[in-house]
Every structure is written in structure tokens, then in C-alpha cells.
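Have a look at the structure below before the remarks.
Numbers restart at 1 for each chain; the letters A, B, ... are given by sequence-line order, proteins then strands.
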Amino acid sequence: MTNLIWLIPILPLLGFLINGIGNKNVPRSVSGWIASLSVLGSFIISIGAFGTLMADPNVVIKADYFEWLSAGSFTLDFGFLVDRLSIVMLLVITGVGFLIHVYSIGYMHEEEDYARYFAYLNLFVFFMLLLVLGSSYVLMFVGWEGVGLCSYLLIGFWFKNNAYNDAAKKAFIMNRIGDLGFLLGMFLIFQTFGSLEYDTVFAGARQMTFDQPVLTAITLLLFVGAMGKSAQIPLYTWLPDAMAGPTPVSALIHAATMVTAGIYMVVRSNVLYVMAPFSSEIVAFVGLLTALMAGLIGLKQNDIKKVLAYSTVSQLGFMFVALGVGDYTTALFHVVTHAFFKALLFLCAGSVIHAMGGEQDIRKMGGLKKALPVTHLTFLIGTLAIAGAPPFAGFFSKDEILAGAWTHSYLIFGILAISAILTAVYMFRLYYLTFHGEFRGSKHQQEHLHESPISMTIPLMVLAVLSTVGGFLGMPEIFHMPHFLNNFLEPVTGWADLYAHGHASHTFEYTLIGSSMVLLIVIIYLVYNKYVKDAHVPKADHLVTGFQNVLANKFYVDEFYNTFITKPLNVLSSFSYNWIEKGFIDRIVNSFGYLTNGASGVLRLVQSGHIGLYIIAMVIAVILMFVFKMII
Amino acid sequence: MNILIALTIIGVIAMLSEILRFRKVLYPLALTGLAAGLVLCAMEWGSNIRYFHDMMFMDNYAIAFSMVLIGTTFIWFLLNPAYLRNHEHEADYTALISFSLAGAVVMVSFADLTMLFLGIEILSIAMYIMAASNKMELRSNESGFKYFMLGAFATGFLLFGIALVYGVTGTFNLQELAGFVSANKVNLPAMFYGGLLLMIVGLAFKISAAPFHFWAPDVYEGAPTPVTAYMATVVKTAAFAAFLRLFMTCFSGIADWWAPMLAIFSAISMLAGNILAVYQKSLKRMLAYSSISHAGYMLMAIVAMNQNSDGALLLYTAAYAIGSLSIFTLLVSMTTNGNEMINSLRGFSSVNKIPAILITITMLSLAGIPPVAGFFAKYYVFLSAIESGYTWLVLVGVLSSLIGVYYYFRIIIAMFQPADRESTQIQFSNSQNAVLWLTVILSLILGFMPGFLTGSI
């Protein structure tokens, strides 16, 4: 299997080429399956590689394929690295990716541009796999840019709607700001370590002392990249807008995989971050702020996908807190469980939207549990998982993040706990408003309510099972079970663990688990009372006042960016265009153009067609050569 | 070595096909033969065998360039089925092309000056005939005649140069020559330098570098378009490979003496070729001038004369041949309509949407825009020139390639403009469409992994 790893990204690429080039010539019944099976193929190979890696903790599959570029002493190899970190990501990307591909076959069946959709989706998987597989920062960056492109293409998939195009552009531009940080970080790494290969860089970093300014700079710059890709403050505003894309896309790209690329990058660079404690503090702080702020905004959103989007931003914040306090495996653990339950929630949302004929406003839903039994049950499992109810997946990973935060700082723990409570509140609000109470939509919608086809419900069920059992990958210490993920990732993060803080005491763990369960029950009860018993429905947008209004308007961050960044930039841009570009640069450039044209007109007269003239010109040249070289 | 025999056999079969009346299967036969030749060539990779008492040396350099030459010819056959098949002289043309390709292979694998001369002549004489092959047309006759006159003139220089060098060193063998040069580096006689200068003149003519380029626009324009395509790709590649092989093996020790002069040739070629191409309204003539400018870029690799030169030249010739084949596919179809003006391309994209995009990609490659092959070809050539200290030459190269962008984009823009009364309908056959796809795929592959070629020899 190990010599097949090059096939892992190539299979989705082939799928992309078939669907992309064939486009509408590919039969509709085939194109979805080509796309799905190519990802399944990658998944099977990944499982094979996983088996190899399981057998021996010292095994790392590294393959250098060819010299990619060389300039002077700088050479860049195109090589893949499959170690215990990348295999976890590979399994999540290809596994969840396959399910979402299958789901898309049903979800997109009425879509005209069927093949184009699957081509983009395959291309995304290809780049995502490249990002994870690369054995150097450069290859990671190629994937990083590639997934950004695919995200752009898929958000704007229905490009006839201009608002969607704007959302796509916003995502792209926000990501570009982050990419600039990533690029500068790469340059600085190259300058410091003379290489961008992981092995060389990390070996070099281990030799350095703590708190080197250059390491702090590198890690902060890389983190700017992560802010963009993983939607952290201040670059998070693109993710909620990205919900303009088809719902499976939101599930795959904007919940399960691409947005976790930033987490992967930090885990991969854990050696660098351990050496730069200041940067780690910043990471934790930004993550914390994002978790809280997105959680607050999530309370007052009424679009089913927007709620989930803010919840994603908030959960990503949780992961960054874990990274900031040095719990790298915990962050990855949450990436995995989050991929399961958030993909599940989004796909359920897709199923709801499908049944509602495109309606996304939860104020117009309600009582859907009878019409959509499978979706209802799986959504409930997803909600319990994300809210942190035992024994669902989210419980274990979130519990571990909170425990890590406790040992690091009580303040971080406190704020994070509040964010966790908010998660439970907005998720159950969403659940009750959607599935319980009276139906509030139109008569027409009510008549057409139906459970989704089997190709959509099977992925839901599989993901629901994963969301239920996924947490057993990492059991807390008090249960006296082996923490599988910690042990598995030991070769990758082992060095960083040497510098990790101590573990939370057992008493604390019991208290945490107990109190969080009690709190959760209280929350569920209160939310139930408000939205089901009292049948409270969120007010229309213009009736909301006070702080609620601030939340409903997402803290006016978009407006703030518009006024203080976009508008001044536009003014500067129009000044540059009208005065500097048109008046100055254009004139210089144009005069060179005129000069060249003129010279061309004169020179061409020499080419008269007379053979004698040509021979004379040659002879003169030969004579000049001899005069200059032999005589003078 | 096997490849030389194979090519000769293809030529002989082509001539027999007329007599034995199996002309109908000649075209597929030739294609199969070339494909087989490509495999034969690849099988010799790394063998480093010397043939005929050290007259030829099949090292990796020779094999790599032979493969480029054969591959180019293969695609050339694909793009010209109409020209070959609808012609009463199909057998003659196929034979001549096969023989000239054999000459080209000799030119990249010689280990002896006599073989160099023979290779050049085998290639050239076939090309003189091919240039004049459109017997009924005056321009074609003129083209062949001019090519022959000036070519013979230049061959005289080359032969005289070889004779003078032989007079000093007493050998034609490249290795012995190299030994002689390094042993007597400080006090080489004037006669040797004289011989060297004359050889440079002869070779500079063959690669159509300024100021020995005057024949190129007239010959390229007058010759039948398929023949022009062959001259711009195969002939040019072979001439450059021969030039570099000779100077790298024998004269790299005294590069300080001759390289500055070639640097000037290179600069003039780039500037003159690009500037003159700007004014042309005929696509064919524009391509002739642009081929002169590309000769200037390729000459840079020879000027640099360091360990990167051969890889850079290999990538450049391959990228240039690939790009040219694509644009010549368009030109061949235009010639069929009898209108070679760039303006007649207006409205092209509305009928041929995909070909227009494909041609655009290869034009970007020729103009040197990433991520296509042409960009990396220029990049590696510039890089090796900088490493040898020719920064000024690279500056000239970069500036003149900006001019190149201008006229290459004129074609792209014309293709995407709406049709007007100058427009003509252009149709591509299946195999021509295949050529367009093939060239784009190859350009992209070389663009994404240029190291595959540059690192190979």
C-alpha cells in the first residue's frame, strides 16, 4: 500500500478531469458516481496506509517524487509525507468526503450543472489531500491556495445570483489576507532554516532556545494564515457568507475539512509553537475571543445555515484555544469529532432545506419531526454531540479542551465554559424551532414536506453513528481506558508534550463532567420551555432592539470593515488610478510602445528581399568579427 | 544508433511505396515508425555507446535531444495529414523528412567534426528541396533558391573553419580536440581562432541568429507552411543542439574569448526579432521574426556555457517546439484558406471555442508567461546566463520579451474579437485537434515539472 500513496490525490484529480473536461457530455447518472468512487478509492488506500502506520510507531511513509524546482543552491522536492498526523486528516477528508459526495448525488439531482459541481468537489478533495500530504510548507501552500480557489468556485457555484458572487469574492479576499501572512511566514522560515522541508525546519527549531524573536514572528505570521483559512477574528466574516454555496459544500469545505486546515498547520508546526510561548498565548487568546463572539452571534441568527456557520467559527475557536495551551492532540481530536457532527448537522440542514423547497429561515419551520423522521433523529444526535452530552463524540473532545484550559488559566477556562454553554443554547434553540412546535411555513410547503431520498439519508445515518462513537478515540483518564489518539499521535507531538503543562486532577475531571451534565439538562429544559412550551418565535428583523439587535447584526463587524477598511481603500485606489496610473505610468509605458513601433517600421526596410544585400550584410558582420577579435 | 537505422528505413520504405504502390498506408506506417523510433531511442538511455570508430556518441544529451526531435516530427506528421496525403508527392516528402530527421539525429550525436558536417548537409539539402516543393508557386521557388544560395555560402564558412581547426590540431575527433584546447589554452595559434570564428559564422547562420538571420524571414514566408513549421522546430532544435554540443565539449575552456561575441549576437537577435515582429501583419512572417528572437534566447544558454546550459537548452527547445507546433496548426489551416493575415482571425473563437482557448495557452507559453512551459524555459536560460555573469544580457532578454508579449497577444486578441468582413472560416481536422490538445498538455506538464527535463541530462 505504501507505494500507492501517490494515488490518494491522483484519483480525485482524475475524477475532476473526467467531469471537468467531459462536463455535460458525461451522463448525469455516471458523473456523481465517478466523483464519489474516486474519493472512496483514496479512502481505501488511506486505510491501507493507516494499517502500515499502526503496526509500528516508528514508521513514516515518505516519498520524494521529483525535483520540482531549482534555482541556484535552492532546490525544492515534490514529495509526500504520510505520518500519524497526516493519516488522521487523510481518513477524515476521504471518509467524510466520500459520504458528502454520495449525499450530493441526491441533493443536487435537479441541478443543471451536475458535472461541473462534482468536478469542483473532486478538485477540492485533490487540493485538500495535497495540503495534508505535502512534505514541505511549499506543497502545503499549494494545497492551501488550491482549496481556497475551490472554495471560491463552489461558494459562487450559482453564479447567476450576484449576492453569491459577492460572498465568493469576500471569502477569496479574506483568505488572501491570511495567505499573505502564510507566505511571509514561509519566507522567514526559509531565511532562518534554509529549507522549507518539515524535517529540516523542525530539526533546526529544536536546536534553538525559547522565545527567539524570529520564531515568534514566524509562528505569528503562520497564524495569520490560519486566521484566514480557519475563520478566526478578525478574518472570520467570510465563513457565514460562504453559506451561499450548496449545502453539501458547506458541510465538506466550510465545516469538516478546509476550515480545519489552519489547525492542521499549527499541529504540524507544533515544534515551532512550543518554542514560541508568546505566539501560543496569542493563538489561545484569539481562539477564545472567537469562540465567545461567534457563540453570542449564533444566539440570534434565524437562518439555519447561518447558525451552523457561527457555530463552526465558535468551535474552531475552541480548537485554537486547545492549540494555544499546548494540547495539540486535543485540538486534532476535536477536528475529527467536529468533522463528524458538523458535517452531519449541515447535511441534516440540507435535508431540511430540500424538504422545505429552499426555505432556510427557521421562523418559517417547526414541527418537522413527523415529516422527516430520519433527519430529525440524526439532527438530534448531532445537536447532542456538539452540545457535549455524554457519550456523544463532542463530549469527550470538548471536555478535554476545557480540562486543558483549566490547567493553563482559570480565566481562559471560565470564558470557554461560557462559550460551551452558549453552544448548547443556540443549538437546542435551532433544534426546537426546526423540529418541534407547530409548522409555520406556507400551505404549499407543508404539502410537499417529504423525507429525503436514500442516497441522502444513508450518509446521515453513517455520520450519526460516527458522531455517537467517535469520542471513544480519546477517553478521559478517569475512565482508565487508553487514550487512543494521544498514543497514536505520540510520534508527532511527543516532543511538544515534554513541555506541556500537567494534567487536570481527577477531582476536577469528575466535577467538570458532573456539572456540565447538570448544566446541559438545565439548558435543554429552559430552551424547551421557551421555544416549545411557550411557542416563542424569534421576532421579525426590524422589531429586534437593544443588545439583541447588536447580536442579530453580528456586532456590526461587516459595517465596521466597510467603513474603515474598504471605503478608504476604494478612495485610495481611485486616486491612484486617476492620477498616478493614468497621468504618469500610462504615459511612460505608451511612449515605449510608440518607440518600438517606430523602430519596427524603420528596421523592416533592411529586410528588402535582395539576396545580394543579405550576403553583403553577412560579409560585413564576418569582417567586423575578424577585426575585433583577431586584429585589435 | 538503432534510431538512425530506423529513420533511414522509413525513408527507403517511403520511396519504395511509390514503386510498389502501397502509398495509401504510408502515412500510418510513418507515424508508427516514428513512435517506434521514440521507444528505440528511450531504450538506449544511459548506455553511452560510441559508434563507427568514435564518429558518433550516444550519450544522454544525444538521446534527450533525439527524442525531442523525433517527438516533434511525430506531432508534425499529425498536424499535416492534408498536406501530405492530398499530394502526388507524398512519398517523396515523407522520404525527405525522414532523411532530414536522420541528419538532425546525427547533428545531436556527433563525436567528430566530419559527422557534424555530414549531419548538417543531410538535413539541409532535404530542406532546400522541401522549401521549394510547391513547384507551381513563385514564392516557394524563391524561398528554396534563397535558402540554398545563402545556406551554401554559410556551409562554406563552416567547412573552411573546420579545415583551419584541423590544420592546427590535426584531428576531427571532439575529445582529441578538447584535449588539444585544454593543453594549449594559453598559446593557441591565430589560425585556430580564425577557424573558430568561421565555424561560429556557419553555425550562427544555421540557427538564424542575427546578424546572419536575413535569410530566415524570406525563406520561412515563401516555403509551404508545413515546411516552415518543420524548419522552425526540428531544424532549429538540431542546429542549437549541435552548436552547444560542439562548443561544450571542445571550446568551453576558452569561453572567455568567444562567448562575449555570441552574447552580442544573442542581444541583437532578441531585439531585432522582437521589434521586427511587431510590425508584421502576416502571421507567418511574424512567426519567422519571432523565431529569430527565440534563437536569441536559446543562444543565451550557449553564451552562459555552464553546467546548467544543456538542461536549459533542452527545456527551451522542447517548450519552443511544442508552442510553435500549436500555432502552426492554426497557420496551416489559415494557409489552406489562402489568408495568413492576423486580422483574418477575428471571430475565430466564436466558431472554434475550445481550439481558441488551447491556442491561447500555448501562446502564453511562447510569450513566457507562467505557469506554462515557456516561462520556465526562459527562466532557466536566464538563470544560467546570470550564473555566468551575463546580467546585462538577461536584462535585454527580459525587456525584449515584453515586446514579445505584445505581438503574441495581438493574435489572442484577434481570435476573441467579433468577426468582420476580413474573417475567414477555419476548420480543424481530428488529428489537428489532437495536436492542439497534445501541445497544451505537454506545455502544462513541462510548466509544472520543468525539472523533469532540465535535470535529465
Side-chain angles (χ1 to χ4, degrees), chain A residues 13 17 21-23 25 64-79 130 139 142 145-146 589-590 592-632, chain B residues 142 145-146 149-150 153-154 157 190 193-194 196-198 200-201 204-205 210-218 221-222 257-258 260-261 264-265 268 271-272 274-280 285 288-289 308 311 376 379-380 383 386-387 399-400 402-403 406-407 437 448-452 454-455:
Chain A
L13 182 67
L17 289 176
I21 294 174
N23 207 349
N25 299 325
D64 283 329
Y65 292 109
F66 53 88
E67 187 190 291
W68 194 10
L69 270 181
S70 76
S73 60
F74 170 75
T75 58
L76 197 63
D77 287 329
F78 189 99
L130 211 57
L139 211 50
V142 173
E145 290 295 291
V589 173
N590 283 341
F592 275 106
Y594 295 133
L595 196 72
T596 310
N597 253 329
S600 185
V602 176
L603 271 178
R604 100 199 149 91
L605 300 177
V606 181
Q607 195 80 34
S608 61
H610 293 296
I611 206 162
L613 191 74
Y614 296 172
I615 290 182
I616 288 175
M618 276 173 69
V619 169
I620 291 174
V622 174
I623 291 172
L624 281 177
M625 280 165 70
F626 269 84
V627 169
F628 277 107
K629 278 291 169 187
M630 307 291 290
I631 298 170
I632 300 172
Chain B
E142 180 196 337
F145 182 66
K146 272 187 182 165
M149 285 290 288
L150 291 163
F153 191 63
F157 279 108
Y193 285 119
L196 190 59
L197 275 187
L198 292 175
I200 288 177
V201 171
F205 174 88
F212 306 102
H213 67 281
F214 291 103
W215 61 277
D218 293 8
E221 194 183 15
W257 190 79
W258 53 263
M261 189 170 55
I264 294 170
F265 290 177
I268 308 175
L271 285 172
N274 277 323
I275 290 178
L276 281 165
V278 166
Y279 216 87
Q280 306 307 322
R285 206 167 167 83
Y289 283 111
N308 294 334
F376 285 97
Y379 170 77
Y380 278 100
L383 193 69
I386 285 179
E387 276 175 7
L399 285 176
S400 66
L402 291 180
I403 307 175
Y406 169 73
Y407 60 78
W437 276 106
F448 283 110
M449 27 198 229
F452 175 70
T454 55

For the backbone of [Y] and the side chain of [X], can you confirm whether one donor and one acceptor N or O come within less than 3.5 Å of each other?
{"X": "A/Gln607", "Y": "B/Phe214", "value": "yes"}
{"X": "A/Lys629", "Y": "B/Trp258", "value": "no"}
{"X": "B/Lys146", "Y": "A/Gly609", "value": "yes"}

Quiz prompt | Criterion side-chain contact (heavy atoms from CB on, under 4.5 Å) on B/Met261 and A/Phe628, from CA distance to verdict | solution = CA-CA 10 Å; B/Met261 189 170 55; A/Phe628 277 107; over 6 Å; no
Between [options], who has the most heavy-atom pairs with chain A when the cutoff is under 4.5 Å?
{"options": "B/Phe212, B/Tyr289, B/Phe376", "answer": "B/Phe212"}
{"options": "B/Phe153, B/Tyr193, B/Trp257", "answer": "B/Trp257"}
{"options": "B/Val278, B/Asn308, B/Asp218", "answer": "B/Asp218"}
{"options": "B/Ala272, B/Ala204, B/Pro217, B/Pro260", "answer": "B/Pro217"}
{"options": "B/Leu402, B/Ile386, B/Ile275", "answer": "B/Ile275"}
{"options": "B/Gly194, B/Pro450, B/Pro211", "answer": "B/Gly194"}

Quiz item: Is there side-chain contact between A/Ile611 and B/Trp215, with heavy atoms separated by less than 4.5 Å?
Solution: no
Practice problem: Sort A/Val142 into side chain, backbone, both or neither according to what part of it lies under 4.5 angstrom from a heavy atom of chain B. | Solution: neither
Quiz item: How far apart are the C-alpha atoms of B/Ile200 and A/Met625, what are their side-chain angles, what is the distance that settles it, and do they pass the side-chain contact (heavy atoms from CB on, under 4.5 Å) test?
Solution: CA-CA 10 Å; B/Ile200 288 177; A/Met625 280 165 70; 4.3 Å; yes
Quiz item: Checking heavy atoms, do the side chain of B/Tyr407, its backbone, both or neither come under 4.5 Å from chain A?
Solution: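 It is neither, since no heavy atom gets under 4.5 Å.
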Exercise. Quick one: closest heavy-atom pair of A/Ser600 and B/Tyr279, and the distance?
Key: OG-CB, 2.9 Å
Self-check item: Approximate separation, where rounding is to 0.5 Å, of A/Thr596 OG1 and B/Ile403 CD1
Solution: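 Going from OG1 on A/Thr596 over to CD1 on B/Ile403, the span is 4.5 Å.
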